[in-house]
Visitor: 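Have a look at this one before I ask anything.
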Amino acid sequence: MVHLSARRRLVVIGNGMAGMRTVEELLARAPVRHAITVFGDEPHPNYNRILLSSVLAGEKTMDEIVINPRSWYEEQGIALRTGDPVMAIDRAERMVRTGSGQVVPYDDLLIATGSRPLMPPLPGIAMEGVVAFRDIADVEAMLAASRSHRRAAVIGGGLLGLEAAWGLKRLGMEVAVVHLMPTLMERQLDAEAAGLLQRDLSGRGLHFFTNAQTEAFMGSDRVTGLRLADGREIAADLVVVAIGIRPNVALAKDCGLDVNRGIVVGDDMTTSDPRIHAVGECVEHAGQVFGLVAPLWEQAKVCAARLAGDDRAVFVPPPLSTRLKITGIDVFSAGQLGAQDEADAEVVFRDAATGVYRKLVIRDNRLVGAVMVGEVGDGGWYFDQMRRGTDIGPIRDRIIFGQAFAGAGPGGADPASLPDDAQICGCNGVDKGTIVAAIRAKGLTTLEEVRAHTKASASCGQCSGSVKALLAHVTGKAVAASEAICSCTDLGHDEVREAILTRRLKSQAGVRAALGWKSEDGCAKCRPAINYYLLCAWPGEYRDESRSRFVNERLHANIQKDGTYSVVPRMWGGVTTPAELRAIADVAEKHAVPTVKLTGGQRIDLLGVRKDQLPAIWADLNAAGIVSGHAYGKALRTVKTCVGEEWCRFGTQDSTGLGILLEKALWGSWTPHKVKLAVSGCPRNCAEATIKDIGVICVEAGYDIVIGGNGGIEVRVTDPLVRVESEAEVLEYCAAFLQLYREEARYLERTAPWVERVGPASIKARLVDDAAGRKALYARFLFSQTHSQTDPWGERASGAVDAFEFKPLAVVDAS
Amino acid sequence: MMDWIEIGNLSDIPSRGARTVETPRGQVAVFRTADDAVFALINRCPHRGGPLSEGIVSGRLVACPLHNWVIDLESGAAVAPDEGCAERLSMRVRDGRLWMNLDRAKAASHG
Ligand code: SRM
Ligand SMILES: Cc1cc2nc3c(=O)[nH]c(=O)nc-3n(C[C@H](O)[C@H](O)[C@H](O)COP(=O)(O)OP(=O)(O)OC[C@H]3O[C@@H](n4cnc5c(N)ncnc54)[C@H](O)[C@@H]3O)c2cc1C
Ligand code: SF4
Ligand code: FES
């Protein structure tokens with residue numbers, strides 16, 4: 001036991017990622033060796049800077065990216081001083097002086113001041129509305145600007161700039177990206193990959209100005225735009241500058257340490273003063289500076305070992321790989337971008353139609369570079385071949401097709417054969433050893449659990465596959481062909497569905513018993529899925545189990561953030577009447593509904609209704625002939641229509657009437673996920689049929705049916721299914737498609753990912769080429785509908801169903 | 001001070017479901033599990049106040065309807081990795097009748 005006063009005093013300057021990782025590593029090795037004081041310029045506990053991009057994109061909250069809360073520092077006995085920057089280091093006296101005037105002596109000093117965003121010395125740079133993208137304050141400034149302003153410009157088309165641009169776009173801003181070079185991310189991507197990336201991002205609504213040099217910021221108090229050297233002007237109320245970073249070396253320079261671009265350190269992470277160590281983006285090692293976390297984790301390990309008294313630890317910079325953290329865009333890059341001389345060979349695969357591009361650079365039968373766009377699942381595997389210098393000679397002819405096709409060649413990516421320090425998650429710097437230890441120590445069994453405990457795969461998610469493989473390896477369970485439904489079972493959705501049919505399982509308990517469920521009761525994940533599968537398999541026989549329904553489907557209303565509900569009546573094909581509108585208005589007034597809103601689905605939403613008010617509201621709507629719109633259900637939602645032939649000068653068919661016909665035929669059916677239709681009267685497509693689950697576009701010669709579109713999180717344009725001549729055929733095809741989706745898609749899988757997964761060709765084969773099959777699907781759909789077209793609101797308004805749901809069990813007075 | 005109050009019958013609550021009770025301490029959710037055990041929690045999720053009574057009950061857990069936190073009915077605590085606790089009230093079942101312990105002293109101080 002080390003006596004308190006005998007502890008060495010360690011002062012850490014910089015409460016950021018590298019500094020605190022070093023402290024964590026040190027505590028793990030030598031928990032009582034040092035009395036630690038940490039100074040941070042920022043007012044926050046340390047947080048995961050990488051995930052600022054996710055905060056901006058709305059995928060994470062600030063709270064979720066904190067790495068160590070203040071309580072952690074307390075528990076570890078670390079004195080944390082946030083918002084108090086160190087101003088000077090006195091090496092002779094061995095102490096630091098802070099902004100608040102504190103003077104603190106040290107035995108060991110760790111400088112981990114990171115880097116500063118590079119800001120061009122242009123006129124107007126200091127104006128309000130010009131920000132960098134480095135810390136929480138920057139993100140807060142961007143979030144605030146997005147609420148009151150509309151146009152943003154991002155200077156810099158590198159990793160950071162593109163992530164900032166995407167986040168601002170997600171916040172609803174118009175975003176222009178201004179990039180000095182001809183192609184995006186030129187340090188990580190070759191021209192072709194960059195072109196694909198730019199095409200993809202343009203498709204998502206970002207505007208690009210390449211070869212563009214910013215000359216000045218316009219505006220007087222607040223920025224109003226940018227002027228480029230070629231004279232073009234870009235209007236913007238917010239400008240984010242992301243053109244690069246510079247190591248933050250001021251303190252080190254002022255106290256006379258060796259400094260070039262960064263603070264010079266040796267392999268032992270020690271500066272030119274043996275008492276002073278440095279880690280992170282502020283250092284320069286063997287002429288190299290750093291901008292990604294992977295090498296910083298290595299530095300932290302070495303520095304901690306040294307501080308703990310181990311003088312063998314040396315820093316060897318690991319090879320680096322890059323991924324872009326934009327949901328739905330897959331880009332991977334590592335090593336060389338292309339051949340540098342005759343000894344290098346490039347192998348390229350491209351499929352312009354699907355936007356997949358892959359280039360490998362090979363030298364002496366070793367992989368030395370990989371650039372991938374569109375499909376990056378094999379990125380980790382390639383990277384591993386590079387890191388280990390595997391001889392790829394035997395698989396050279398196949399390696400471009402990825403691990404699966406290259407076969408388990410020498411030293412394939414079997415996780416068992418990876419060394420413990422092999423990095424699995426690049427974003428969060430989690431290595432194999434950490435994941436394996438967590439799985440063992442905490443008995444983890446699912447990807448989600450591993451993610452929660454180790455942060456592996458928590459950011460960009462691209463290493464999920466490797467984490468799963470490790471999980472399987474450690475727990476000894478075979479990797480299920482499809483992902484297990486939930487932790488109650490190892491079986492995937494398809495296997496369970498098949499068993500329900502072939503083994504004629506007809507109750508939830510029966511499914512759980514027959515298929516060896518690990519929990520008696522199931523859970524909130526598998527119960528709704530199994531309930532749906534049974535309902536679909538045995539129409540009329542299986543009784544819907546309300547206790548396995550998510551609240552919205554149990555109460556037939558959408559729960560809101562304050563626990564009230566919304567009521568969305570059906571408005572067939574988006575057509576209404578004065579009488580219906582009057583009835584809705586009366587209901588809103590009579591029941592004092594706080595908000596009446598038009599939805600994006602051509603109908604009216606009554607928001608803020610208390611649970612106990614629901615039956616009375618439904619009764620009043622029913623009295624006017626209005627029924628549930630299923631806005632809450634994995635069911636048919638809306639059939640959007642345009643005015644069509646009856647009024648529109650371009651209309652070719654009665655799109656409104658056809659929409660109503662379809663909605664009346666299809667409503668009430670339960671589906672794996674929600675289903676939306678649209679019918680447009682001509683190819684101008686005012687009803688936006690090409691981003692619906694099923695779209696119908698009327699043309700002179702008939703009707704084009706299109707399928708598998710989605711306008712939500714990941715926009716997908718429909719695939720054409722067939723052109724038919726009559727409304728009756730439209731109905732038959734649409735219903736048959738819906739039934740195929742009902743029977744074969746997985747629960748919570750929308751038509752877009754389903755069509756993507758099975759391929760539009762396979763659906764055409766079933767519906768277009770196989771007329772008998774289509775008619776059989778249609779017949780099964782019609783049969784199922786005979787059991788599902790009862791208005792759930794009517795049933796409950798009459799008090800015949802679930803009356804207890806809408807009143808309290810008891811009221812206990814205060815007396 | 002302890003107060004046991006009769007609030008209804010076990011059969012009034014659906015199996016794997018919940019009903020609410022209005023009390024001076026706020027709305028309470030009373031849960032019945034598949035094996036007929038009964039638990040009561042103040043009806044506010046420790047995350048953002050979601051009504052736990054509307055969640056899916058499985059085993060001794062309820063999943064909050066708003067953002068899917070899972071709460072242990074026996075303790076009121078959120079299941080890791082989430083952190084937080086919904087306040088628990090004691091329940092008794094006697095001959096199919098439900099009794100809830102409402103601590104009046106606490107009720108007064110909580111208004
Ligand atoms: C009310 C409405 C917004 C509005 O005020 O206009 C709405 C409200 C909600 N939408 Fe939506 N969506 C509404 C039209 C849309 C549309 C536009 C459309 O239907 O034409 C889309 C994009 C089209 C599409 O689905 O392809 C849309 C894409 C989503 C998504 C993303 C789905 C996806 O597959 O990517 C979600 C999330 C989900 O379902 O998991 C969602 C989820 C939600 C939820 C259910 C969020 C939630 O879980 O609580 C909101 C419920 C609010 C409520 O209780 O009323 N909402 N939502 C619209 C209701 C239309 C209706 O009449 O029923
Ligand atoms: C938006 C964004 C996205 C990123 N995405 C990725 C990614 O996907 N993958 C990846 O590998 N890397 C990514 N990075 C880079 C990564 O975050 C950095 O490499 C890493 O944070 C550097 O760690 P550090 O400790 O050296 O510096 P920092 O984390 O910046 O910590 C330095 C700290 O020192 C403080 N400080 C400075 N001077 C003083 C002083 N005088 N006194 C007290 N405190 C001081 C600073 O305020 C700061 O908090 C991203 C960075 C950003 C900004
Ligand atoms: S209504 Fe839809 S878009 Fe609007 S906040 Fe809710 S889920 Fe998001
Ligand atoms: S309020 Fe319960 S999970 Fe968010």
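Letters A, B, ... mirror the listed sequences (proteins, then strands); counts begin at 1.
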Visitor: Which pair of non-hydrogen atoms, one from B/R19 and one from A/F804, has the smallest distance, and what is that distance?
Guide: NE-O, 3.4 Å
Visitor: If you check every heavy atom in residues 62-78 of chain B against those of chain A, which residues fall under 4.5 Å?
Guide: B/A63, B/P65, B/L66
Visitor: Do other residues, nucleotides or ligands put more than 12 heavy atoms under 6.0 Å from B/R44 CZ?
Guide: no
Visitor: Just by distance, do the side chain of B/R48 and the backbone of A/K561 share a donor-acceptor pair under 3.5 Å?
Guide: no
Visitor: Measuring heavy-atom distances to chain B, does A/S548 have an atom under 4.5 Å in its side chain, in its backbone, in both, or in neither?
Guide: backbone
Visitor: Tell me which of these, A/G563, A/P808, A/S546, has more heavy-atom pairs under 4.5 Å with chain B than the rest.
Guide: A/P808
Visitor: Heavy atoms only, distances under 4.5 angstrom: which of B/V28, B/I13, B/D35, B/T23 has the most pairs with chain A? Name it, please.
Guide: B/T23
Visitor: Which one, B/P51, B/P14, B/G8, leads in non-hydrogen pairs under 4.5 Å with chain A?
Guide: B/P14
Visitor: Give, as side chain, backbone, both or neither, the part of A/K525 having an atom under 4.5 angstrom from any heavy atom of chain B.
Guide: neither
Visitor: Within a 6.0 Å radius of atom CD on A/E520, are there more than 12 heavy atoms belonging to other residues, nucleotides or ligands?
Guide: no
Visitor: Over all heavy atoms of both residues, which pair between A/G522 and B/S58 is shortest? Give the atoms and the distance, please.
Guide: O-CB, 3.1 Å
Visitor: What part of B/L61 lies closer than 4.5 angstrom to a heavy atom of chain A: side chain, backbone, both or neither?
Guide: neither
Visitor: With A/L809 as reference, evaluate B/V21, B/T20, B/N9 under the side-chain contact (heavy atoms from CB on, under 4.5 Å) test and give the passing residue.
Guide: B/V21
Visitor: For the residue pair B/R16 and A/R547, what are the closest heavy atoms and their distance?
Guide: O-CD, 2.8 Å
Visitor: Heavy-atom cut-off 4.5 Å, strictly under: side chain, backbone, both or neither for A/E545 against chain B?
Guide: side chain
Visitor: For A/R543, look at atom CZ and say whether over 12 heavy atoms of other residues, nucleotides or ligands are found less than 6.0 Å away.
Guide: no
Visitor: Considering all heavy atoms of both residues, which atom of B/P24 and which atom of A/V812 are nearest to each other, and what is their separation?
Guide: CD-O, 3.4 Å
Visitor: Let's test your reading of the structure: which of B/M100, B/Q27, B/E6, B/E54 forms the most heavy-atom pairs below 4.5 Å with chain A?
Guide: B/E54
Visitor: Which one wins on heavy-atom pair count under 4.5 Å against chain B: A/N552, A/D521, A/L555?
Guide: A/D521
Visitor: Less than 4.5 Å to any heavy atom of chain B: does that hold for the side chain of A/R549, its backbone, both, or neither?
Guide: backbone
Visitor: Which atoms of B/S53 are under 4.5 Å from chain A, going by heavy atoms: the side chain, the backbone, both sets, or neither?
Guide: backbone
